[in-house]
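Notes for the one structure printed next.
Remember, it's a predicted structure, so these values are computed and weren't measured experimentally.
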Amino acid sequence: MRDLDAVLKARGVERALLVGWSYGGILTWHWTDRNPDRVLRAVTVAAFPVGLTGEEGHARIRKLFRRMRWLFPIAARLGLAAKMTADQHADVNIELNEFAAASITVLDRLTRPVRFVLATGDSLGSKGGEMDEGRKVLEPIIARNPNITISAKVASNHSKILRNDSPTVAQTIRALAAGHGYQDG
C-alpha cells in the first residue's frame, strides 16, 4: 500500500482508476477503502475475498511452494518469478490469503465502483471446486453493496487470465474510464 502511495505521488496522480491482478487486486480494495477520495474506480482481476487460512491452510501453501522450489531460480532468471526462495514465496502467499479472507467487511463498505473480472478455471494448488466456492463469496457482497459488480467471467485460470483474456480486462477498464468521462487515445 505504501508502494502504491509512492507511485501515485511520484506521478502526480491525485485521483486514480486502479487496476490490480491477484494480490494487486486485493490491494485495490484496501487502498480504495482507505483513500476513497483519491479513487475514481477500481478493476480487480482474478481475486476474491477468500483464502487458505489457519495452520492447515498455511501448511498446504508451504507444501505447494516447497514442491516447486526447483522452478523458482529458473523462473526468476526469465523474469517470471521474484528472486525469492520457496519459503519466501510461501510467506507472501500466506499473507495474501489472510489479507483476502479478511476483506469482506472492506468490500461491504466501499463507496467507489469496483468491477471484478473473474477466471472460472482452477488455480495452482486448488482442488475440488475451491475456486468456484471462493467466487461465490462475492454474491452476497454484491447484493449488499451496489458499488461492487462482476463485469466478466472468463474461461481462463488465475495464472493465464491476463495472457488469454486481456481484451476482456481492457474492455472493463475502458468502460469504467468512459463512465468517468475519459476516452481512449
Relative to the ring of Trp29, is the ring of Phe116 parallel (under 30°), tilted (30 to 60°) or perpendicular (over 60°)?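 Tilted: the ring planes of Phe116 and Trp29 meet at 30° to 60°.
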
Whether Asp33 side chain and Leu110 backbone form a donor-acceptor pair below 3.5 Å: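 No; zero donor-acceptor contacts below 3.5 Å.
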
Under 3.5 Å, side chain of Arg115 to main-chain N/O of Ser151, donor-acceptor pair present?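 No: the side chain of Arg115 does not pair with the backbone of Ser151.
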
Answer with yes or no whether the hydrophobic clustering places Ile173 together with Val7; edges join I, L, V, M, F, W, Y residues whose side-chain heavy atoms lie under 4.5 Å apart.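 No, Ile173 does not connect to Val7 through the hydrophobic network.
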
Linking I/L/V/M/F/W/Y whenever any side-chain heavy atoms sit under 4.5 Å apart, do Met84 and Phe99 land together?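 The answer is yes; both residues are in one hydrophobic cluster.
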
What heavy-atom pair brings [X] and [Y] nearest, and what distance separates the two atoms?
X: Thr53; Y: Ala101; result: CG2-CB, 3.6 Å
X: Ala102; Y: Val106; result: O-CG2, 4.5 Å
X: Trp21; Y: Ser159; result: CZ2-CA, 4.4 Å
X: Glu98; Y: Gly54; result: OE2-N, 3.3 Å
X: Pro49; Y: Ser103; result: CB-CB, 4.0 Å
X: Asp87; Y: Arg62; result: O-NH1, 4.0 Å

Candidate pair Arg15 and Asp37, rule salt bridge (Lys or Arg N to Asp or Glu O under 4.0 Å), full reasoning: CA-CA 7 Å; Arg15 297 186 72 212; Asp37 295 338; over 6 Å; no

Rounded distance (nearest 0.5 Å) linking atom [atom1] of [X] with atom [atom2] of [Y]:
X: Arg41; Y: Thr172; atom1: CZ; atom2: OG1; result: 13.0 Å
X: Ile26; Y: Leu96; atom1: CD1; atom2: CG; result: 4.5 Å
X: Glu95; Y: Ile61; atom1: CD; atom2: CD1; result: 11.5 Å
X: His58; Y: Glu55; atom1: NE2; atom2: CD; result: 6.5 Å
X: Met1; Y: Asn35; atom1: CE; atom2: CG; result: 7.0 Å
X: Arg66; Y: Thr85; atom1: CZ; atom2: OG1; result: 9.5 Å

Side chain to side chain, [X] and [Y], heavy atoms closer than 4.5 Å:
X: Leu27; Y: Leu4; value: no
X: Val39; Y: Trp31; value: yes
X: Asn93; Y: Leu64; value: no

Evaluate Thr28 against Val19 for side chain to side chain contact (heavy atoms under 4.5 Å, CB included), listing each step before the verdict. CA-CA 7 Å; Thr28 66; Val19 180; over 6 Å; no

Do other residues, nucleotides or ligands put more than 12 heavy atoms under 6.0 Å from the CZ atom of Arg109?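 Yes, CZ of Arg109 has more than 12 neighbouring heavy atoms, counting only those of other groups under 6.0 Å.
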
With a cut-off of 6.0 Å (strictly less than), are more than 12 heavy atoms of other residues, nucleotides or ligands near CD of Gln88?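 Atom CD in Gln88 is packed in, count exceeds 12.
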
Name the residue from Asn147, Thr149, Ile150, Leu107 that meets the side chain to side chain contact (heavy atoms under 4.5 Å, CB included) definition with Ile142.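 Only match with Ile142 under side chain to side chain contact (heavy atoms under 4.5 Å, CB included): Ile150.
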
Intermediate values then yes/no, side chain to side chain contact (heavy atoms under 4.5 Å, CB included), Ile161 and Val45: CA-CA 8 Å; Ile161 189 170; Val45 181; 3.8 Å; yes

Side chain to side chain contact (heavy atoms under 4.5 Å, CB included) evaluation trace for Ile104 with Arg144: CA-CA 11 Å; Ile104 291 173; Arg144 292 187 301 265; 3.7 Å; yes

Before giving the answer on side chain to side chain contact (heavy atoms under 4.5 Å, CB included), spell out for Lys153 and Val117 the whole-Å C-alpha distance, their side-chain angles and the decisive distance to 0.1 Å. CA-CA 6 Å; Lys153 292 181 181 180; Val117 178; over 6 Å; no

